[in-house]
Amino acid sequence: MKDVNISENIIYIGADDKDIDLFESQYIVPNGISYNSYLIKDTKIAIMDTIDNRKTDEWLNNLESALCGSEPDYLIISHLEPDHAYNIKTLTEKYPNIKLVGNDKTFAFLPQFFDIPDLEERKIVVKENDSLCLGNHTLRFIMAPMVHWPEVMVEYEETEKILFSADGFGKFGALDTDEDWDCEARRYYFNIVGKYGMQVQMLLKKVLNLDIKMICPLHGPILKNNLEHYIEKYNIWSSYEPENKGVFIACSSIHGNTLDASKQLKGILEELGETKVVLSDLSREDMAECIEDAFRYDRIILASSSYNFGLFTPMEQFLLHLKERNYQNRTIGIIENGTWAPTAGKCMKDILSEMKNITLIEPMVTIKSTLNTESKAELEKLAKNIVNAK
């Protein structure tokens, strides 16, 4: 694992997981994931969250090494999801005097995961802006409900000006992965937190008033420099505004004819001067990355085959994922394909009608099996209208 330096008295005790196949049993993580946990050493000692069961032994070794024979006084529970909270009971059994710090919702949910017989004696309930003094360090608690569970809270350490941000500002990838933050943080955000943009906005309004020198998330690298960049990205993402000008073509093709039309459309758009056109085959590419690109660009074209008098399954799943994540504020074009009863266009419009601030660009292109002179002319009209809709 990459050596992580935070400060003299705040020590990283988390672990990288490079063997995991799917994060949350659904997200492809080619470079793994980190489970972050921290130790604050002061007159009183606080552990900032535990980690997933997959790395329990490594985490306990890191913890014991950092403690140097001391015993922790507090476990701060920012988030109860098992990848961060699996070892809560482990700590209560290992350290009989440790206190558990959480909010009302934390302790309402905790018994659903663990049977801790002396929980009432151990728990310390905090609310908005409560503080916990450790000596030279003081933690201030900021409630972050539905970012992305109801009990989530973040902590601001007032002396070293560090924000412990729970799942906020998280990223896929182990800590020793050398890759651009934006891409995998964007994919992480929209797939895991993206539904709760309003709640993220509320949290940002609280923390932007703080003097933050460092952000310590529960997944991904510790953020020390250029914090304005990361905060700006989160503001854009949680506002459901496009991040970049460009056209994302999401294609769902059975036998390849719809995909062929999408490739031709990509070429037409580029000939018209569109500098960024991204084409994804929904049947074969990572769905989480397709969702990321749908949120990233300001315009999207949906191209799908009809199937069983409805919509081909990959496109249906894609649109339902977007709907679940409150997709909005986008300009969209539609291409449907069908041999005897094209139904994809109507089905796509029905799902889009349940989303906010969606502008549909005409014409809706209907292909009967393969592109012909008439449908290609319609494709060219759609391309021109999409380009003009910048």
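Minimum interatomic distance between A66 and K41 (heavy atoms only, all atoms of both residues): O-NZ, 2.7 Å. Across all their heavy atoms, W149 and L80 have their closest contact at CZ3-C, 3.9 Å. Of all heavy-atom pairs between K195 and Y240, the closest is O-OH, 3.0 Å. Nearest heavy-atom pair, G333 versus I386, reported as atom, atom and distance to 0.1 Å: N-CD1, 4.1 Å. A pairwise comparison of heavy atoms in I6 and Y38 identifies CD1-CD2, 3.3 Å as the closest pair. Between S253 and S283, the shortest heavy-atom distance links the atoms O-OG, 4.1 Å.
In terms of hydrophobic clustering, with Ile, Leu, Val, Met, Phe, Trp and Tyr side chains grouped at heavy-atom distances under 4.5 Å, I351 and V365 are assigned to different clusters. In this structure, L119 is a member of the same hydrophobic cluster as F114, with clusters built from ILVMFWY side-chain heavy atoms closer than 4.5 Å. Cluster membership check: L60 does not share its hydrophobic cluster with L218, using side-chain heavy-atom separations under 4.5 Å among Ile, Leu, Val, Met, Phe, Trp and Tyr. In the hydrophobic cluster analysis, where Ile, Leu, Val, Met, Phe, Trp and Tyr join through side-chain heavy atoms closer than 4.5 angstrom, F109 is grouped together with V125. In the hydrophobic clustering of ILVMFWY residues, with side-chain heavy atoms under 4.5 Å counting as a link, L322 and W237 come out together.
The side-chain heavy atoms of M214 and L223, taken from C-beta on, include no pair separated by under 4.5 Å. Between I332 and Y327 there is a side-chain heavy-atom pair separated by less than 4.5 Å. Within the 4.5 Å cutoff, no side-chain heavy atoms of I335 are placed close to those of L302. In this structure, the side chains of I301 and I334 stay at 4.5 Å or more apart for every pair of heavy atoms. Within the 4.5 Å cutoff, side-chain heavy atoms of M348 are placed close to those of L311. I236 is listed as a side-chain neighbour of E232, based on a closest heavy-atom distance under 4.5 Å. D16 has its side chain within reach of D176: a pair of non-hydrogen atoms, C-beta onward, lies under 4.5 Å apart. At a threshold of 4.5 Å between non-hydrogen side-chain atoms, the residues V278 and V247 do not count as touching.
Using modelled atom types, one finds no donor on one side chain facing an acceptor on the other under 3.5 Å when comparing H84 with N36. With hydrogens and angles left out, the side-chain atoms of N97 and E71 include no donor and acceptor closer than 3.5 Å. Side-chain atoms of T258 and S305 form a donor-acceptor pair, as typed in the model, at a separation below 3.5 Å. For the residue pair Y196/N326, the side-chain donor-acceptor check at 3.5 Å is not satisfied. The closest side-chain donor-acceptor pair between T56 and N87 falls under 3.5 angstrom. Checked by atom type, the side-chain pair Q201/N235 shows a donor-acceptor distance below 3.5 Å. For E158 and T138, the side-chain atoms include no donor-acceptor pair closer than 3.5 Å. Side chains of E336 and S306: a donor-acceptor N/O pair is absent below 3.5 angstrom, by distance only.
For Y307, the OH atom sits in a loose shell: 12 or fewer heavy atoms of surrounding residues, nucleotides or ligands are nearer than 6.0 Å. Taking a 6.0 Å sphere around NZ of K206, one finds it holds more than 12 heavy atoms contributed by other residues, nucleotides or ligands. D178 CG: 12 or fewer foreign heavy atoms inside a 6.0 Å radius. Taking a 6.0 Å sphere around NZ of K346, one finds it holds 12 or fewer heavy atoms contributed by other residues, nucleotides or ligands. The environment of H229 atom NE2 is dense: over 12 non-hydrogen atoms of other residues, nucleotides or ligands sit within 6.0 angstrom. Atom CD of E374 is surrounded by 12 or fewer heavy atoms from other residues, nucleotides or ligands within 6.0 Å. The number of heavy atoms from other shown groups lying within 6.0 Å of NZ (K44) does not exceed 12. The number of heavy atoms from other shown groups lying within 6.0 Å of NZ (K233) is above 12.
Interatomic distance, OG1 of T92 versus CG of D118, reported as 7.0 Å (0.5 Å rounding). Rounding to the nearest 0.5 Å places CD1 of I20 at 10.0 Å from NZ of K55. Expressed to the nearest 0.5 Å, how far CG of D83 lies from CD1 of I33 amounts to 8.0 Å. Rounded to the nearest 0.5 angstrom, H148 NE2 and Y189 OH are separated by 11.5 Å. Annotation: the span from I215 atom CD1 to I162 atom CD1 amounts to 11.0 Å, rounded to 0.5 Å. The distance from the CZ atom of F164 to the CD1 atom of I10 is 4.5 Å, given to the nearest 0.5 Å.
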* Might you work through the side chain to side chain donor-acceptor pair (under 3.5 Å) test for N31 and E179, ending with a clear yes or no? => CA-CA 9 Å; N31 293 318; E179 64 184 356; 3.0 Å; yes
* Determine, step by step, whether K263 and D260 satisfy the salt bridge (Lys or Arg N to Asp or Glu O under 4.0 Å) criterion, reporting the C-alpha distance in whole Å, the side-chain angles of both residues, the deciding distance to 0.1 Å, and the verdict. => CA-CA 5 Å; K263 290 177 179 177; D260 179 65; over 6 Å; no
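Judged by distance alone, with hydrogens and angles left aside, the side-chain atoms of N103 form a donor-acceptor pair with the main-chain N or O of K105 at under 3.5 Å. Using modelled atom types, no side-chain atom of N329 and backbone atom of N357 make a donor-acceptor pair closer than 3.5 Å. Listed for the N61 side chain is no donor-acceptor partner under 3.5 Å among the backbone atoms of E58. In this structure a side-chain-to-backbone donor-acceptor pair under 3.5 Å is missing from S34 to A174. Checking side-chain atoms of E362 against main-chain N and O of M364 turns up a donor-acceptor pair under 3.5 Å. In this structure a side-chain-to-backbone donor-acceptor pair under 3.5 Å is missing from R54 to D52. Checking side-chain atoms of N9 against main-chain N and O of I40 turns up no donor-acceptor pair under 3.5 Å. T159 places a side-chain N or O within donor-acceptor distance of the main-chain N or O of N136, the cut-off being under 3.5 Å. Not one N or O on the side chain of T43 forms a donor-acceptor pair closer than 3.5 Å with the backbone of G135. Judged purely by atom type and a 3.5 angstrom limit, R325 uses its side chain to pair as donor or acceptor with the backbone of F190.
By the side chain to side chain donor-acceptor pair (under 3.5 Å) test, W59 pairs with S37, sequence neighbours left out. Not counting sequence neighbours, the partners of S375 by the side chain to side chain donor-acceptor pair (under 3.5 Å) test are N372.
Between E274 and the options R299, K245, K266, a side-chain hydrogen bond (donor to acceptor under 3.5 Å, both in side chains) holds for only R299. Evaluated for a side-chain contact (heavy atoms from CB on, under 4.5 Å) with S280, the options E289, M287, E285 yield exactly one hit, E285. Of the candidates V101, V152, I88, I77 forms a side-chain contact (heavy atoms from CB on, under 4.5 Å) with just one, namely I88.
Between Y234 and W181, the two ring planes are tilted [angle within 30° to 60°]. Between F23 and F172, the two ring planes are perpendicular [angle over 60°; tilted spans 30° to 60°].
Cation-pi check for K123 over F107 is met; the charged atom lies under 6.0 angstrom from the ring centroid and within 45 degrees of its normal.
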